[in-house]
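Please read the structure below before turning to the comments.
Chain identifiers are assigned alphabetically (A, B, ...) following the order of the sequence lines, protein sequences preceding nucleic acid strands; residue numbering begins at 1 within each chain.
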Protein chains: 4
Amino acid sequence: MTEKQEKILNAALELFAEEGYGSTSTSKIAKKAGVSEGLIFRHFTNKEGLLEAISKEGESRLKVLFANIVMESDPQEVINKTFRIASEIAMDSEQSHFWKLQYKLKWETELYDEKKMEPIRNALTTAFEKLGYQNPEQEADILLLLLDGLATRYFLSDNFDMENMIEFLLIKYQE
Amino acid sequence: MTEKQEKILNAALELFAEEGYGSTSTSKIAKKAGVSEGLIFRHFTNKEGLLEAISKEGESRLKVLFANIVMESDPQEVINKTFRIASEIAMDSEQSHFWKLQYKLKWETELYDEKKMEPIRNALTTAFEKLGYQNPEQEADILLLLLDGLATRYFLSDNFDMENMIEFLLIKYQE
Amino acid sequence: MTEKQEKILNAALELFAEEGYGSTSTSKIAKKAGVSEGLIFRHFTNKEGLLEAISKEGESRLKVLFANIVMESDPQEVINKTFRIASEIAMDSEQSHFWKLQYKLKWETELYDEKKMEPIRNALTTAFEKLGYQNPEQEADILLLLLDGLATRYFLSDNFDMENMIEFLLIKYQE
Amino acid sequence: MTEKQEKILNAALELFAEEGYGSTSTSKIAKKAGVSEGLIFRHFTNKEGLLEAISKEGESRLKVLFANIVMESDPQEVINKTFRIASEIAMDSEQSHFWKLQYKLKWETELYDEKKMEPIRNALTTAFEKLGYQNPEQEADILLLLLDGLATRYFLSDNFDMENMIEFLLIKYQE
DNA sequence: AATGAATGAGCCTTCATTCAT
DNA sequence: AATGAATGAAGGCTCATTCAT
C-alpha cells in the first residue's frame, strides 16, 4: 500500500464517517487526500471499491478486538470486556471514526451483518450460561442490543456520558 | 390536503425510509406517486419541505403515542407500555416506515433530538423510582438504550424476532 | 379593462422594467398583482401577450408625447421641447418605469423600432432646416443619438445629473 | 488555456451577446462549443464564472483601446481617436460581439460602470480645455453620451450607417 | 503511478402554460 | 371572471467515471 493509497483511504474514512457514504463525492475525497481524482479509480476501481477497502481493513480490526473477548475463559470477564470495548473505542478518535462509519453504513445500506457478531454472541451466551442465567441466549442478545443502543447514543447525542453509563452497566451485570 | 398531496407524502415517506433522504430523488418520488415532479415543489417548496411535512405529521403521531405512556399512573404499566409501543410499531407497516425514517434521518443528519424523548424519560424515571429501583434515572436511560437497540436490530436485521425479544424483556422487567 | 386586468398590467410593467422581461416570471407578476397566475393567461393569452398589451398602451402615450412636438411650428421650440420630454419623463416615476422598460426591451429583443421615431426625426429635420443648419438630417440624427445616450445614462448610471445636462444641451442648441 | 476552454469562451461570448446572458442556457453554449455541458463548470465553476472570464479578457482589451487615447497629446486627435474607436469596433466582428455584450449586460444587470470610462472622460476634458471650449467637462460628457447613443443605434438598428455618422461627427468637432 | 481534461447521466428546481371547478 | 391544481420541458449544476498523456 503506497503512501497515496493510504491518504485516500484515510480521507475517505473520515469523510464517509462524517457526511455519509452517499453524500461524500469522490472529488471531495481526492481534495482532502491531496490527490487527483483519477487516482482513486486507478487504485480502487470504484467508489464502492473504496468502501470495500475500508471495510476489509476494518474487519481485521474487528477480529483483533473480538479475539480478546472470545479467548477469555472467565465468564464475568467476558461480559466486562465486551462493555469495555465500547469504552475504548469512544476514547480513540481514529477508531471512533471507523465505528461511526460502520453504523452509518448499516443504516445507509441496510445491511446489519449478523455473522460478524456471531463470535461474541456465542462467547456471551456461554458466559451467561456459566454464570447460571436462565436464558443465556436471550441475555446475550440483550447485551448486544445495549451495545447498539450505546453506539446510537454515543455517536448521535451531543451530551451523552458514555463512561458513566458503562460504569453503571458494568455494576449492574455484576452479581 | 388533496389526494395527490397525500400520494406524494406517502411515496416520499416510503422511499426516504427505504433508500434514505439523500439517495431518494424527487423524480423517483414523483414517479412512485404518479404525479409530475413539479407538483412536489408547488406543494412542498423543497425537497427539504417534503421532509418537514412528513416530520410534522410524525410529531403529532409521536405525541399521541407518548401521551398514553405519560398519563399512566401504575409504574409497572409505564414500563410495559413503553415496550409494547415498539411491538405495535413493528406490526403496522405504515408506522414502521415512519419510524425507520426517523432512525435513518438520525444517522444521516447526526441529530439525535433528545428533547423529543424527554417526556418518556421522565415518566420512566418516576416509574423506576416508585418501584424502588436504586438508580431510577440510569435505569430509564438503559431502557431507552434498549429501545434504540431494538430499533437498530428490527430495521436492519433480516431475521430478528422482535416479538420474542420484547416478550422476554417484559418478563425481565417484572418483579 | 377590469380592475384586475390593470393590476396585472401595472405589476408586469414595473417588474419587466426592473428585472427585465425574460427574468420576470409570470408567478411573480401574479403575486405582485394579487391575482391568480391563471388569470394572466385568461386575459392576455401569453407572457408575450402581456408585453404587447403594455406596448400598445405605451404607443398611445408616445403619440401624445410626440404630437406636442410635431405640431410645434417654431423650429427652436421643436428642439427645446424634444429635450424637455426627456426631462419630464425623468421626473414622473410611472413614466420612468415605462420608458426604462422600452429601453430594456430594445436590448433584450434587439428591436429598435425606427418607425416610431420617424415623426420626430422629421420634425427635427425641418426644424434644423429652418434654422439654416447645413445638414439638417444628420443634425436630427445626432440629437436622437443624444437622446439615446441620455436614456442610457439616466437609467443605468446612479449619479447622473440629468437636469443639468439637459440645461446645458438646451443652451448649446440655442444660437 | 486549452483549446476547448477557448471554444467555450467564444461560444459563450457570441451567445451572450446575441441572446443575452440570462436567456442563454449553458447547454446551448456547450452545444455550440462542441463540448459536454459539464466541462463548462469544471473550467469556469459557474455560469457567472463564464461571464467573469469573458469580462476579464475584455477589460484588458479596453485598456489597450483606451491607452491609445489617453497617451495622445494633441487635443484634436484625442477627440478624433475616440470616435474612430467606435468605427473600428464596428468593423471587427469579434470585437463587435464583445462590445455588444457589454451594453447588453449594462441593461440586464443595471450596472453602468462609470469608473471604467473615467480615463477617457478625463482625457476628453483636458482636450476640450486645451481647445478653448467653455465647459470642457460637460463637453466631454456629451461626447460620451454620443458614444452611448452610437452603440445603441449600431447594435440595435438594422440600417444605421455608422461610418457616415462618425464621419459627420468628426467634421462637426473640427474647428 | 499519477494527472487533469472530458463526459453523460442525473439531480433539484423554475417556469410558462393548461385544465377542472 | 377567477382560482389553484397540475404538467412537461428546460435550466444550472454535481457526480462518478473514463481517457489521453
Nearest-neighbour nucleotide for the A:V35 side chain, E:dA2, E:dT3, F:dG8 considered: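 So the nucleotide nearest the side chain must be E:dT3.
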
Residues in side chain to side chain contact (heavy atoms under 4.5 Å, CB included) contact with [X], at least two apart in sequence or another chain:
X      : result
B:D113 : B:K115, B:K116
D:S27  : D:S25, D:E37
A:L65  : A:I85, A:I89, A:W99
B:S96  : B:Y154, B:F155

Enumerate, atom names and distances included, each donor-acceptor pair closer than 3.5 Å involving a side-chain atom of residues 40-51 of chain D, sequence neighbours excluded.
| residue | atom | partner | partner atom | Å |
| --- | --- | --- | --- | --- |
| D:K47 | NZ | D:Y21 | O | 2.9 |
| D:K47 | NZ | D:T24 | O | 2.9 |

Rounding to an integer number of Å, can you tell me how far [X] [atom1] sits from [N] [atom2]?
X     : N      : atom1 : atom2 : value
B:L50 : E:dC12 : CG    : C1'   : 12 Å
B:M1  : F:dG4  : CE    : C1'   : 16 Å
C:E19 : E:dC15 : CD    : P     : 10 Å
A:K31 : E:dT3  : NZ    : C1'   : 15 Å
B:I40 : E:dT14 : CD1   : P     : 13 Å
D:I29 : F:dG11 : CD1   : C1'   : 12 Å
C:I8  : F:dA1  : CD1   : C1'   : 11 Å
C:L39 : F:dA1  : CG    : P     : 8 Å

Flag, side chain of C:K7 to backbone of C:A33, donor-acceptor distance under 3.5 Å: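 Side chain of C:K7 to backbone of C:A33, a donor-acceptor pair under 3.5 Å: no, none is there.
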
Under 3.5 Å: donor-acceptor pair, side chain of B:E108, backbone of B:G20: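 Absent.
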
All salt bridge (Lys or Arg N to Asp or Glu O under 4.0 Å) counterparts of A:K32, not counting sequence neighbours: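 Per chain and number, A:K32 pairs via salt bridge (Lys or Arg N to Asp or Glu O under 4.0 Å) with A:E14.
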
Salt bridge (Lys or Arg N to Asp or Glu O under 4.0 Å) partners for B:E59, two or more places apart: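 In terms of salt bridge (Lys or Arg N to Asp or Glu O under 4.0 Å), with neighbours along the sequence ignored, B:E59 is linked to no residue.
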
Presence of C:H43 side-chain N/O under 4.0 Å of F:dA1 phosphate oxygens OP1/OP2: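 Result: yes.
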
Nucleic acid footprint by protein, nucleotides 12-20 of chain F - heavy-atom cut-off 4.0 Å, B for base, S for sugar-phosphate alone: BBBSBBB--

Stem list, DNA chain E (Watson-Crick or G-U pairing under 3.5 Å, at least 3 consecutive pairs):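 DNA chain E forms these stems: E:2-21 with F:2-21.
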
